[in-house]
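For reference, the structure discussed in these notes is given below.
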Amino acid sequence: MKALVLAGGSGTRLRPFSHSMPKQLIPIANKPVLEYVLENIRELGVTEVGVIVGDRGPQIAAALGDGSRLGLRLTFIEQDAPRGLAHTVAIARDFLADDDFVMYLGDNMLPEGIRESAEQFTAHRPAAQLLVRKVADPSAYGVAELGPDGEVLRLVEKPARPRSDLALIGVYFFTPAIHEAVAAIGPSARGELEITDAVQWLVSSGAVVRAGEYGGYWKDTGSVADVLECNRKLLDGIVSGVAGEVDAASELRGPVIIGAGARVTGSRIEGPVIVGAGSVVENCHIGPHTAIGRDCVLRDTRIEYSITLDGATVTQVRGLRGSLIGRAATVDARAEGADHHCLVVGDHARIEVAA
C-alpha cells in the first residue's frame, strides 16, 4: 500500500497565518499537523508517500525533507491550482501505479490513528472504503448514505437537504479501481473533480464501496478555533518533562514540558503546558492548554488556552486567552493592567495593545 497526502489547500479560514505558511504546518502541541498525519501513515507500515503540494510546496518540502527523519520516502507532486480531490489522484497516477493506497487530507487530525480502518480495508478489500462521522451540520461536508451492513448507497457533496448525518472525514482507502472512476467523471458545478463523484461512479457501476464510522477524536484544523481545540486535546495527553532551567521562584503545577535550553524565572505554569526549546518565560502566569513554541520570549504576561509560534515575543499582556500568535510576531502592552482576549496575530507582525 502507498499513501497520498493532500497538502495543497490555501487555508482561507486560517488567515493571516496561511498568507505566510501552509496551513498543514500550523503546530499543534508544538508539532506541525502534517507530521501527525505522516506518523499515522507510518504506523500502518506504509513508507511510500506522495505529497500533493501547491504554491507553498517549497516550504513543505523544507519542513519535511525527504521523509527519512520520519521513516518515510516522500515524493512531492505539484498541483498547479486547486482542482479537486479526484484531480490529485489523476496527477499522482504514475506514483500510485497499480497499488492500493490511502488518501489522507493533510489538515485532518486523528490522533488515535487509523489502524483499525486500514485493517478492515485489507481484510475485505472493497474498491473503496470511507471513514465517516456523525456531524451536526452535514450540509458542509460530503455525505454518505449507508445500507445496514455499511455498504455505501449514495454520496452527495455538500447537499442542501442532507438525507444522512454521516459526513466523510479526510481519510479514504482505494484499490486501483478508483483510477477508472476518476477518468470517467467531469468537473462539478464548482469546476472541480470531486472525489465524492468518483466514489459515486464506483457505487453506480456496481463496485463494492464500504464506510465505517470513526470512533476516535477527529478535527479538521481549518480555523483558529479548531486549531486551539485540537491543541487542548493533545496537551491533555502530555507527560511532564523538564529539560530546561526552572528557578526556585517558579512553580510548575500539573503536566508541564520545558524544552532544552528554555529558561523559566519567577513564573507560575499550570499544565498542561509546553514551553519549547530555547524559550524564555519571565514573571509570567501561563495557564492550562498553552503551547509556547521554540525561541519565544514571554515577560510579565498572563496567557492561557493559546499558542505562540516559534520566535514570538509577548510582553506585559495581562489576559491572553484563545489566542494564536504567529512566528516572530511581537505583542506588547505597555499600559498597566492591559487585558486582552482572542488575539490572532500573523507571522512577523508587531502590535502594541492599548489598555
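Worth saying up front: this structure is predicted, and the values here are computed from it rather than measured.
The 12-atom threshold is not exceeded at CZ of Arg161, counting heavy atoms of other residues, nucleotides or ligands nearer than 6.0 Å. With a 6.0 Å radius and a threshold of 12 heavy atoms from other residues, nucleotides or ligands, Arg263 has its CZ atom at or below the threshold. Within a 6.0 Å radius of CD in Glu251, more than 12 heavy atoms belonging to other residues, nucleotides or ligands are found. Around the NZ atom of Lys31, the shell of radius 6.0 Å holds more than 12 heavy atoms that belong to other residues, nucleotides or ligands. Around the CD atom of Glu213, the shell of radius 6.0 Å holds more than 12 heavy atoms that belong to other residues, nucleotides or ligands.
A distance-only check finds a donor-acceptor pair linking the side chain of Thr175 to the backbone of Ala177 [under 3.5 Å]. Using a distance-only test at 3.5 Å, with no hydrogens or angles considered, a donor-acceptor pair links the side chain of Asn40 to the main chain of Leu110. Using modelled atom types, one side-chain atom of Arg115 and one backbone atom of Glu43 make a donor-acceptor pair closer than 3.5 Å. Judged purely by atom type and a 3.5 angstrom limit, Thr221 uses its side chain to pair as donor or acceptor with the backbone of Asp107. Side chain of Arg93 to main chain of Ala97: a donor-acceptor pair is present (N/O by atom type, distance under 3.5 Å, no hydrogens or angles). Although no hydrogens or angles enter the test, the distance criterion places no donor-acceptor pair under 3.5 Å between the side chain of Ser164 and the main chain of Glu145. Checked by atom type and distance alone, the side chain of Ser279 pairs as donor or acceptor with a backbone atom of Gly293 at under 3.5 Å. Panel note: side chain Asn30, backbone Ile292; a donor-acceptor pair is recorded below 3.5 Å. When atom types are taken as modelled, the side chain of Glu151 and the backbone of Asp149 share a donor-acceptor pair closer than 3.5 angstrom. Side-chain N or O atoms of Thr265 include none that pairs as donor or acceptor with a backbone N or O of Asp247 at under 3.5 Å.
If you chain together hydrophobic residues whose side chains sit under 4.5 Å apart, Met109 and Val135 fall into the same group. Val143 and Trp218 are assigned to two separate hydrophobic clusters, defined by single-linkage of ILVMFWY side chains at heavy-atom distances under 4.5 Å. In the hydrophobic clustering of this structure, Val264 does not group with Val297; members are Ile, Leu, Val, Met, Phe, Trp, Tyr whose side-chain heavy atoms approach within less than 4.5 Å, directly or through other members. The hydrophobic cluster containing Val281 also contains Val242, counting ILVMFWY residues as joined when their side-chain heavy atoms lie under 4.5 angstrom apart, directly or transitively. A continuous path of hydrophobic side-chain contacts links Val273 to Val246 [ILVMFWY only; heavy atoms under 4.5 Å].
Interatomic distance, Leu74 CG to Ser68 OG, rounded to the nearest 0.5 Å: 8.5 Å. Between Asp66 atom CG and Phe76 atom CZ the span is 8.5 Å, to the nearest 0.5 Å. Distance CD/Glu192 to CD/Glu157: 9.0 Å, rounded to 0.5 Å. Interatomic distance, OH of Tyr36 versus OH of Tyr104, reported as 12.0 Å (0.5 Å rounding). How far CG of Leu324 is from OG of Ser306: 8.5 Å, rounded to the nearest 0.5 Å. A distance of 6.5 Å separates CG in Leu193 from NE2 in His87, rounded to the nearest 0.5 Å.
In terms of heavy-atom proximity, Glu78 sits nearest to Ile91 at O-CD1, 3.7 Å. Annotation for Pro138 and Pro159: closest pair O-CD, 4.2 Å, computed over non-hydrogen atoms. Minimum interatomic distance between Ile52 and Ala92 (heavy atoms only, all atoms of both residues): CD1-CB, 4.5 Å. Smallest separation of non-hydrogen atoms from Gly113 and Tyr214: O-OH, 2.7 Å. Among all heavy-atom pairs drawn from Ala291 and Ala29, the shortest one is CB-CA, 4.3 Å.
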TODO: List the steps, then state whether side chain to side chain contact (heavy atoms under 4.5 Å, CB included) holds for Tyr305 with Leu320.
DONE: CA-CA 8 Å; Tyr305 193 68; Leu320 278 178; over 6 Å; no
- [ ] Mind running side chain to side chain contact (heavy atoms under 4.5 Å, CB included) on Thr75 and Val49 for me, showing each step along the way?
- [x] CA-CA 6 Å; Thr75 299; Val49 182; over 6 Å; no
TODO: Decide yes or no on side chain to side chain contact (heavy atoms under 4.5 Å, CB included) for Val51 and Ile77, but give the supporting numbers first.
DONE: CA-CA 6 Å; Val51 183; Ile77 302 165; over 6 Å; no
TODO: Please report the C-alpha distance between Leu146 and Val152 in whole Å, then the side-chain angles of each, then the deciding distance to 0.1 Å, and finally whether the side chain to side chain contact (heavy atoms under 4.5 Å, CB included) criterion is met.
DONE: CA-CA 5 Å; Leu146 306 185; Val152 175; 3.7 Å; yes
Task: Step-by-step salt bridge (charged side-chain N to carboxylate O under 4.0 Å, His left out) determination, Lys23 to Asp226 - done: CA-CA 12 Å; Lys23 63 177 180 176; Asp226 291 333; over 6 Å; no
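Applying the salt bridge (Lys or Arg N to Asp or Glu O under 4.0 Å) test to Asp137 and every residue at least two apart in sequence or in another chain returns nothing. Applying the ring pair (Phe, Tyr, Trp, His ring centres under 6.0 Å) criterion to Phe121, with sequence neighbours excluded, gives Phe173.
Contact check for Ile195 versus Met103: side-chain heavy atoms found under the 4.5 Å cut-off. Here the side chains of Gln79 and Thr88 are in contact, with some heavy-atom distance below 4.5 Å. Side-chain contact check for Ile60 versus Leu34: some heavy-atom pair is nearer than 4.5 Å. Annotation: side chain of Val280 is not in contact with side chain of Leu298 (no heavy-atom distance under 4.5 Å). Within the 4.5 Å cutoff, no side-chain heavy atoms of Asn108 are placed close to those of Val171. Counting heavy atoms from C-beta outward, Leu228 and Lys233 have side chains that stay 4.5 Å or more apart. You'll find the side chain of Ile303 stays beyond 4.5 Å of the side chain of Val314, heavy atoms only. Between Leu44 and Ile114 there is a side-chain heavy-atom pair separated by less than 4.5 Å.
No side-chain donor-acceptor contact under 3.5 Å links Gln129 and His124. Judged by distance alone, the side chains of His289 and Asp236 do bring a donor and an acceptor atom under 3.5 Å apart. Side-chain N/O atoms of Gln200 and Ser204 include a donor and acceptor closer than 3.5 Å. With 3.5 Å as the limit, one finds no donor-acceptor pair spanning the side chains of Glu304 and Thr290.
A salt bridge links Arg73 with Glu48; the closest basic N to acidic carboxylate O contact falls under 4.0 Å. Electrostatic pairing of Arg125 and Asp100 counts as a salt bridge here, judged by a charged N lying under 4.0 Å from a carboxylate O. A salt bridge links Arg83 to Asp80: one of the charged nitrogens lies within less than 4.0 Å of a carboxylate oxygen. Note on Arg294 versus Asp310: no salt bridge recorded, every NZ/NE/NH1/NH2 to OD/OE distance being 4.0 Å or above.
Under the side chain to side chain contact (heavy atoms under 4.5 Å, CB included) test applied with Tyr172, the options Leu105, Val89, Ile178, Val102 reduce to a single match, Leu105.
Annotation: cation-pi pair Lys158/Tyr141 absent, no NZ/CZ under 6.0 Å from the ring centroid and within 45° of its normal.
With a 4.5 Å cut-off between side-chain heavy atoms of Ile, Leu, Val, Met, Phe, Trp and Tyr, the cluster of Ile257 takes in Leu235, Ile238, Ile274.
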